Amino acid sequence: MFPLRLRLGLQPGTRVCAVSRRGAYKLASLQKASLLPPKKLQGLLYPFSELERYLDRSVDRMQFQLFHPSLENMVKAEKLFCPSPSHKIDYYTSAERMDHVPALKQPEVCFIGRSNVGKSSLIKALFSLTPEVEVRVSKTPGHTKKMNFFRVGKAFTIVDMPGYGHKAPRDFVDMVEPYLDMRKNLVRTFLLVDGSIGLQTADLIALEMCEEIRRPYVMVVTKIDKCRQGTLLTNLLNLQEVVKTQTTSCFPQPLLVSSLQFLGIYLLRCFIAHVTGNIQLSDTSH
């Protein structure tokens, strides 16, 4: 265990959450990931590092590295995703309208995106240290028809929203827009975009909705393992230009993730822990 602590850069006495539950992701915890070769670990923690070398020198890299927490910060965040008798993580309830939304006081984050963008798969990856939490994932677009609430102890709540676009619920706008506008404890919205195909018309409409509501949101680029790096970079730079020129409430840095290969999941966990006020980061960027 001592060599592991050295590789993680942790002080003696710092607890690392281990994965022993059947069915958990192979790389669900940093303890498992730390056994990877350094270069592969770097790409797992900071996915943009794998793309950076392909960028022209004239491209400003800082816009992709504004949130760059240390490995130790990620370990602190990971603890919030580890259940214990005093820190239960579970599915709480579902709602179809604002008058059905539960009255919860803890900070809340929600995930929205086009049908089949990978919302439920991403949330399942975030909860991979608690595999008993049921996050329904389907290959059929439009599977999520309600707002699904997952409690992470008393720390925060994660909400899986219905997908927009193909096979979206008929009352999608009536369901989602009032929630984004009126939910007082909502601290961040994560707007998901498929990295393999880039921004679609439906995504731009969702982005416009977030801008009109004027509450902080973040772009999350999913499925970064599903396409060639050139295609991903093109889509990423196009998205970044839209964020730079057409938004005022969007965090400048898109977060890159792959639920299948676990790329960027630790970084996203850390971002959620940070914006919900559950950890104080020593340094968030280069």
Side-chain angles (χ1 to χ4, degrees), residues 91-98 100-102 104 107-127 135-138 140-150 152 156-223 239 242-243 246-251 253-257 259 264-265 268-269 271-272 275-276:
Y91 160 78
Y92 183 59
T93 191
S94 297
E96 292 184 350
R97 300 191 303 271
M98 270 303 292
H100 292 166
V101 168
L104 299 171
E108 204 158 271
V109 299
C110 74
F111 289 79
I112 66 172
R114 189 174 51 81
S115 296
N116 206 33
V117 74
K119 281 187 295 84
S120 299
S121 295
L122 178 56
I123 294 174
K124 189 177 182 68
L126 290 171
F127 286 141
V135 182
R136 296 182 179 180
V137 178
S138 173
T140 304
H143 179 76
T144 303
K145 298 295 186 183
K146 302 177 181 179
M147 298 180 280
N148 298 317
F149 292 75
F150 299 87
V152 182
F156 55 84
T157 306
I158 289 179
V159 187
D160 185 7
M161 308 293 281
Y164 53 77
H166 182 62
K167 293 190 177 180
R170 291 182 179 179
D171 54 351
F172 173 84
V173 174
D174 295 334
M175 185 191 310
V176 174
E177 194 165 352
Y179 168 83
L180 297 179
D181 189 27
M182 299 168 57
R183 188 66 163 171
K184 292 182 179 180
N185 59 329
L186 178 65
V187 297
R188 202 66 89 245
T189 296
F190 293 95
L191 176 56
L192 277 57
V193 174
D194 189 329
S196 65
I197 59 176
L199 282 168
Q200 303 293 293
T201 300
D203 299 321
L204 293 172
I205 293 173
L207 185 145
E208 185 177 349
M209 176 182 68
C210 290
E211 283 295 309
E212 290 177 354
I213 292 172
R214 295 181 179 274
R215 298 184 70 171
Y217 65 101
V218 186
M219 304 292 285
V220 178
V221 181
T222 64
K223 303 184 181 181
L239 181 150
V242 169
V243 170
Q246 300 182 30
T247 72
T248 58
S249 301
C250 186
F251 184 61
Q253 176 186 339
L255 302 179
L256 313 182
V257 297
S259 302
I265 300 300
L268 181 55
R269 282 176 180 164
F271 194 94
I272 292 171
V275 297
T276 55

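On a predicted model such as this, the values are computed, not experimentally measured, just so you know.
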Practice problem: Would you please classify the geometry between the Phe150 ring and the Phe127 ring as parallel, tilted or perpendicular, with 30° and 60° separating the classes? | Solution: tilted

Quiz item: Would you say the side chain of Met147 lies within less than 4.5 Å of the side chain of Ser94, judging by non-hydrogen atoms?
Solution: no

Practice problem: Working to the nearest 0.5 Å, report the span between CD of Glu212 and CZ of Arg214. | Solution: 9.0 Å

Quiz item: Would a distance-only check, ignoring hydrogens and angles, find a side-chain to backbone donor-acceptor pair under 3.5 Å from Arg188 to Ile272?
Solution: no

Self-check item: Flag side-chain contact, heavy atom, 4.5 Å: Leu122 against Ile265
Solution: yes

Quiz item: Can you tell me how far the NZ atom of Lys124 sits from the CG atom of Asp160, to the nearest 0.5 Å?
Solution: 12.0 Å

Self-check item: Side chain Lys119, main chain Met161, donor-acceptor under 3.5 Å
Solution: yes

Self-check item: Distance in Å, Phe111 CZ paired with Thr222 OG1, rounded so as to fall on 0.5 Å steps
Solution: 11.5 Å

Quiz prompt | Residue from Val242, Leu192, Leu239 passing side chain to side chain contact (heavy atoms under 4.5 Å, CB included) with Met219 | solution = Leu239

Self-check item: CD1-CZ distance between Ile158 and Phe149, expressed to the nearest 0.5 angstrom
Solution: 12.5 Å

Practice problem: Mind listing the closest non-hydrogen atom pair of Arg269 and Ala125 along with its distance? | Solution: NH2-O, 3.4 Å

Quiz item: side chain to side chain donor-acceptor pair (under 3.5 Å): which pairs involve residues 195-209, sequence neighbours left out?
Solution: Tyr164-Asp203, Asp194-Ser196

Quiz item: Are any non-hydrogen side-chain atoms of Val187 and Val109 less than 4.5 angstrom apart?
Solution: yes

Quiz item: Can you name the closest pair of heavy atoms from Phe271 and Phe251 and give their distance?
Solution: CE1-CE2, 3.8 Å

Self-check item: Closest non-hydrogen atom pair, Arg215 against Asp181
Solution: NH1-O, 3.5 Å

Practice problem: Using only heavy-atom distances, determine whether the side chains of Asn185 and Arg183 contain a donor-acceptor pair under 3.5 Å. | Solution: yes

Exercise. Working to the nearest 0.5 Å, report the span between CG of Leu207 and SG of Cys250.
Key: 6.5 Å

Self-check item: Shortest non-hydrogen contact from Thr276 toward Pro107
Solution: O-CG, 3.5 Å

Quiz prompt | Sequence-distant partners of Thr189, side chain to side chain contact (heavy atoms under 4.5 Å, CB included), two or more places apart | solution = Cys110, Ile112, Leu180, Leu186, Tyr217

Quiz item: In Å, rounded to the nearest 0.5 Å, how long is the span from CD1 of Ile123 to OG of Ser259?
Solution: 9.5 Å

